Asker: 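The structure's right below; bear with me while I get my questions together.
It should be emphasised that the depicted structure is a prediction, and the values quoted were computed from it without experimental measurement.
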Amino acid sequence: MEKLKVGILGATGMVGQRFVTLLENHPWFELTEVVASRANAGKSYAEALDGNKWKLDVPMPEYVKDLRIKELEDDMDQIVDDVDFIFSAVNMPKDDIKKLEEDYARRECPVVSNNSAHRWTKDVPMVIPEINPEHYALINDQRKRLGTKRGFIAVKPNCSIQSYTPALAAWRRFEPYQVVVSTYQAISGAGKNFESWPEMVGNVIPFISGEEEKSEKEPLRVLGTYRDGQIDLAKDLVITSQCIRIPVLNGHTATVFVNFHKKPTKEELVQALRDYEGEPQKLDLPLAPKHFIQYLEDDDRPQVKLDVDWEKGMGISIGRLREDTLFDYKFVGLSHNTLRGAAGGGVEAAEFLYKTGWITKR
């Protein structure tokens, strides 16, 4: 098959770098444009990331090193003429991101965004493909607003909610209604590693700007219902959270307490996790995990070192499910924040959008 040509906005940042690694030898997509700020425009990708600016724990792929970086706005028309769609992972103020992504979409270029700027735009779908792909129907309404035939924006939710929202999705029939969650988040979620953030070694920071609101509100939209061109937030579900930065490179861990209207047995909850399957699994998308959620029986699992790369970092690990003295149950979840939670989730979303006809070749 002829591959779709792809660009990455914000290609030099950590999430952009992860997109680069995931697109190497992708069976459906070919990276043809790397796009960044004016300071790096005209440089080769390798020149722009010379020194210690490559932040991943895997080498920079050879195929991208000689690609010339284009500028986000100055080269926009040239970029959209060269690609079939783009990934967006820019680091800019929210209002600037909103405008930038809409400018690309209005030029008939689909945008699959890792950014938070459009997550609450009414007609922009915010999707975990295994959970709420029906929300992509919002694209029809968005295209009417933008006046486009091909162009649209689709976003993925915050990385930290991936470690517990899939469990809530698997347990929907038991009607979870109260959730207390604490997330313990890796430093790559801030776009850093230990070389660039040495003060995190042996440290814990009990605050991450904006994370608690995202952790409490975004699952309500992901678990909500599409109806008549809008998303009705999940009814009768309340989440409260704390979000903490810990000295781990990759992997967001969550400790979660849940109350259910229809109290299940532990065996029913575990079986629901193991049986859960989404559309990406049915469609056999290239980056989709064969098994979306694994349940680990050992009391000391999931662990970052042992489990964060399960299913190539695209699977969710759940463990320590047990009854609680105040809530019905409690458990621990783990997800890879730059794979499932960021670039990997974006690539899987693009695969789904292509497979189901929302993204097409020009």
Asker: V248, I187: one ILVMFWY side-chain cluster at the under-4.5 Å cut-off?
Answerer: no
Asker: With side chains defined as the heavy atoms from C-beta onward, is the minimum distance between V179 and V238 less than 4.5 Å?
Answerer: no
Asker: Any chance you could lay out the ring-ring contact (aromatic ring centres under 6.0 Å, His included) test for Y136 and Y226, step after step, and finish with the verdict?
Answerer: CA-CA 9 Å; Y136 283 132; Y226 172 80; over 10 Å; no
Asker: For the residue pair Q142 and D123, confirm or rule out a side-chain donor-acceptor distance under 3.5 Å.
Answerer: no
Asker: In terms of heavy-atom contacts, does NZ of K361 have more than 12 from other residues, nucleotides or ligands at under 6.0 Å?
Answerer: yes
Asker: Does the side chain of E24 reach to within under 4.5 Å of the side chain of L22, using non-hydrogen atoms?
Answerer: no
Asker: Are more than 12 heavy atoms from other residues, nucleotides or ligands located less than 6.0 Å from atom CD of E268?
Answerer: yes
Asker: Hey, quick one: are L168 and I131 part of the same hydrophobic cluster, counting side-chain heavy atoms closer than 4.5 Å, chains of contacts allowed?
Answerer: yes
Asker: For G278 and Q281, work out which heavy atoms get closest and say how close.
Answerer: N-OE1, 3.0 Å
Asker: Is the NZ atom of K330 crowded by more than 12 outside heavy atoms at less than 6.0 Å?
Answerer: yes
Asker: Compare all side-chain heavy atoms of I153 with those of E102 and state whether any distance is below 4.5 angstrom.
Answerer: yes
Asker: If you take all heavy atoms of F152 and I359, which pair is closest and at what distance?
Answerer: CZ-CG1, 3.8 Å
Asker: Any non-hydrogen side-chain atom of L67 less than 4.5 Å from a side-chain atom of S44?
Answerer: no
Asker: Just checking E195: does its CD atom have more than 12 heavy atoms from other residues, nucleotides or ligands closer to it than 6.0 angstrom?
Answerer: no
Asker: Report yes if the side chains of K192 and M200 come closer than 4.5 Å at any heavy-atom pair, otherwise no.
Answerer: no
Asker: Quick one, K99 with D95, criterion salt bridge (charged side-chain N to carboxylate O under 4.0 Å, His left out). Give me CA distance, side-chain angles, the key distance, then yes/no.
Answerer: CA-CA 6 Å; K99 182 180 184 303; D95 287 343; over 6 Å; no
Asker: So that I know where these two stand, are Y177 and H261 an aromatic pair - ring centroids less than 6.0 Å apart?
Answerer: yes
Asker: Given salt bridge (charged side-chain N to carboxylate O under 4.0 Å, His left out), test R227 with D232 step by step and report yes or no.
Answerer: CA-CA 7 Å; R227 180 175 59 85; D232 294 334; 2.7 Å; yes
Asker: Does the ring center of W28 lie less than 6.0 Å from the ring center of Y354?
Answerer: yes
Asker: Is it the case that more than 12 heavy atoms not belonging to H291 sit under 6.0 Å from its NE2 atom?
Answerer: no
Asker: Are the charged groups of E73 and R107 less than 4.0 angstrom apart, N to O?
Answerer: no
Asker: To the closest 0.5 Å, what do you measure between CG (D74) and CZ (R38)?
Answerer: 4.0 Å
Asker: Apply the ring-ring contact (aromatic ring centres under 6.0 Å, His included) test between F331 and each candidate in W171, Y164, F257; give the one that qualifies.
Answerer: W171
Asker: Applying side chain to side chain contact (heavy atoms under 4.5 Å, CB included) between M126 and each of K156, H135, E218, report the one that passes.
Answerer: E218
